[in-house]
Amino acid sequence: MFDFDKRRFPLSRHDDDSNVLIYMLAGVGLGAIIGAAAGLLFAPKAGEELRGDITGRFSELKGKTDEWIAEQRAKRAVDSAAEELGV
C-alpha cells in the first residue's frame with residue numbers, strides 16, 4: 001500500500017540500536033519476573049507462607065515502580081521548566 005523509498009526515508013542506525021536495547025531490557029525484565037514467580041511457586045513452603053511472600057514481593061515491586069514513576073515525573077517537570085526558561 002505504501003511504497004517508501006529507503007533513499008528518501010532512511011532509518012538511522014541510532015533508532016535501530018535504541019529499539020534493540022528496549023526489547024532486550026524488556027526481555028530481561030520479563031525473564032526475571034517469570035523466574036521469580038517460578039522460584040516462589042516451586043519452593044517447598046506452606047501455602048499461607050507462600051502467599052505472604054508473594055504479597056511482600058508484589059508490594060516491594062509496586063513501591064519501586066511508584067518511586068520510579070515519581071522520579072520520571074519530576075525529571076520531566078524539571079526538563080519542561082528548563083525548556084520554558086530557555087536554560
Side-chain angles (χ1 to χ4, degrees):
M1 179 177 241
F2 294 104
D3 187 16
F4 291 110
D5 185 3
K6 289 187 179 186
R7 288 173 284 161
R8 288 186 352 185
F9 299 100
L11 294 174
S12 71
R13 179 85 175 132
H14 177 71
D15 291 339
D16 292 341
D17 291 342
S18 297
N19 289 338
V20 168
L21 181 61
I22 289 171
Y23 287 127
M24 185 197 69
L25 292 175
V28 168
L30 183 60
I33 290 170
I34 291 171
L40 286 173
L41 293 175
F42 290 112
K45 292 184 178 183
E48 189 172 322
E49 187 179 350
L50 177 61
R51 286 189 296 273
D53 285 351
I54 291 173
T55 301
R57 300 266 176 145
F58 178 75
S59 296
E60 181 182 329
L61 181 61
K62 185 179 182 307
K64 287 182 180 180
T65 303
D66 290 342
E67 182 180 319
W68 182 81
I69 289 171
E71 288 175 3
Q72 294 304 311
R73 285 181 178 161
K75 182 179 177 184
R76 286 184 182 166
V78 168
D79 290 345
S80 178
E83 186 176 312
E84 286 180 16
L85 295 174
V87 177

For Leu61, the hydrophobic cluster (side chain heavy atoms closer than 4.5 Å, chained through members) also holds none

Would the number of heavy atoms belonging to other residues, nucleotides or ligands and lying under 6.0 Å from CD of Glu83 be above 12?
no

Residues at least two apart in sequence or cross-chain that pass salt bridge (Lys or Arg N to Asp or Glu O under 4.0 Å) with Asp79, listed by chain then number, are none

ILVMFWY clustering at 4.5 Å (side-chain atoms), partners of Leu30:
Ile34

If a pair satisfies salt bridge (Lys or Arg N to Asp or Glu O under 4.0 Å) and one of its residues is in residues 47-65, list it, with sequence neighbours excluded.
Lys45-Asp53, Glu60-Lys64, Lys62-Asp66

For Ile69, give me all partners under side-chain contact (heavy atoms from CB on, under 4.5 Å), at least two apart in sequence or on another chain.
Thr65, Arg73

